[in-house]
**Student:** 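Let me give you the structure first, and then I'll get to my questions.
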Amino acid sequence: MFLNRSVQQPHHNFGTKFPTASPNYVDLVRFLVQPFLESPETLSVDCEISQTLNRVWVRIAFESTDKGKVFGRGGRNIQAIRTVIAAAAAAAGQSTYLDIYGSTTPDREGMSFDEETEERSPPPTRRETRANDGPKPIVKPRLR
């Protein structure tokens, strides 16, 4: 109940949907990723929008040396970037996919970080248990 009737009441139309234009994903991704890069000019962003499927594919590439900063501890930075892009896309009625490529240098052009890990040597295997060592000694806690 409003006692002051001279103040206009807000008029909300939550039920009507206004046609929204597709966000500028390239500039949005540049804005979000560049602060993490040592050399922002190496950032390459490509965007492909499918009008029929309402999907957006965003591809970014930057120097591999900046990978740790862009991904962040436990992938927190890249997950936050994906969340912001997904929120912008959801506002436009679209879904997004973010592909990250390793480097913008010519010898590694087009190689994603997933492909880059395949080049590495396999992880070390577990040490086999030695049968001739006998049982392991039991370690008792110290009493003080």
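Here the structure is a predicted model, which is why all the values come from computation and not from measurement.
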**Student:** Would Val45 and Val58 count as a side chain to side chain contact (heavy atoms under 4.5 Å, CB included) here? Give the steps.
**Tutor:** CA-CA 7 Å; Val45 182; Val58 180; 4.2 Å; yes
**Student:** How long is the span from the CD1 atom in Ile81 to the CG atom in Leu98, to the nearest 0.5 Å?
**Tutor:** 7.5 Å
**Student:** Would you mind telling me which of Asn77, Ile100, Ile78 makes a side chain to side chain contact (heavy atoms under 4.5 Å, CB included) with Val70?
**Tutor:** Ile78
**Student:** Given the rule in the side chain to side chain contact (heavy atoms under 4.5 Å, CB included) test, do Thr65 and Glu38 qualify, once you have shown the distances and angles that lead to the verdict?
**Tutor:** CA-CA 9 Å; Thr65 55; Glu38 289 290 323; 5.9 Å; no
**Student:** Could you walk me through whether Val56 and Tyr25 pass side chain to side chain contact (heavy atoms under 4.5 Å, CB included), step by step?
**Tutor:** CA-CA 9 Å; Val56 179; Tyr25 294 103; 3.7 Å; yes
**Student:** Grab the two heavy atoms, one from Ile49 and one from Ser22, that are nearest each other, plus how far apart they are.
**Tutor:** CD1-OG, 3.6 Å
**Student:** To the nearest 0.5 Å, what is the distance between CD on Gln94 and CD1 on Ile85?
**Tutor:** 12.5 Å
**Student:** Which atom pair, heavy atoms only, marks the closest approach of Phe36 to Leu32?
**Tutor:** CE1-O, 3.4 Å
**Student:** Between Asn54 and Ser95 (side chain of the first, backbone of the second, donor and acceptor by atom type, cut-off under 3.5 Å), is there such a pair?
**Tutor:** no
**Student:** Specify the closest pair of heavy atoms between Pro35 and Arg30, including all atoms of both residues, with the distance to one decimal.
**Tutor:** CD-O, 4.4 Å
**Student:** Look at the side chain of Arg59 and the backbone N and O of Tyr101, then say whether any donor-acceptor pair between them is shorter than 3.5 Å.
**Tutor:** no
**Student:** Which heavy atom of Ala89 sits nearest to which heavy atom of Thr96, and what is that distance?
**Tutor:** CB-CG2, 3.2 Å
**Student:** Using a strict cut-off of less than 4.0 Å between a Lys/Arg side-chain nitrogen and an Asp/Glu carboxylate oxygen, indicate whether Arg55 and Glu48 qualify as a salt bridge.
**Tutor:** no
**Student:** Transitively linked via ILVMFWY side-chain contacts under 4.5 Å: Val84 with Trp57?
**Tutor:** no
**Student:** How long is the span from the CD atom in Glu41 to the CD atom in Glu63, to the nearest 0.5 Å?
**Tutor:** 9.0 Å
**Student:** Verify the cluster assignment for Phe62 and Tyr97: are they in a single hydrophobic cluster under the rule of side-chain heavy atoms below 4.5 Å apart?
**Tutor:** no
**Student:** Do you know which two heavy atoms are closest between Cys47 and Val26, and how far apart they sit?
**Tutor:** CB-CG2, 3.7 Å
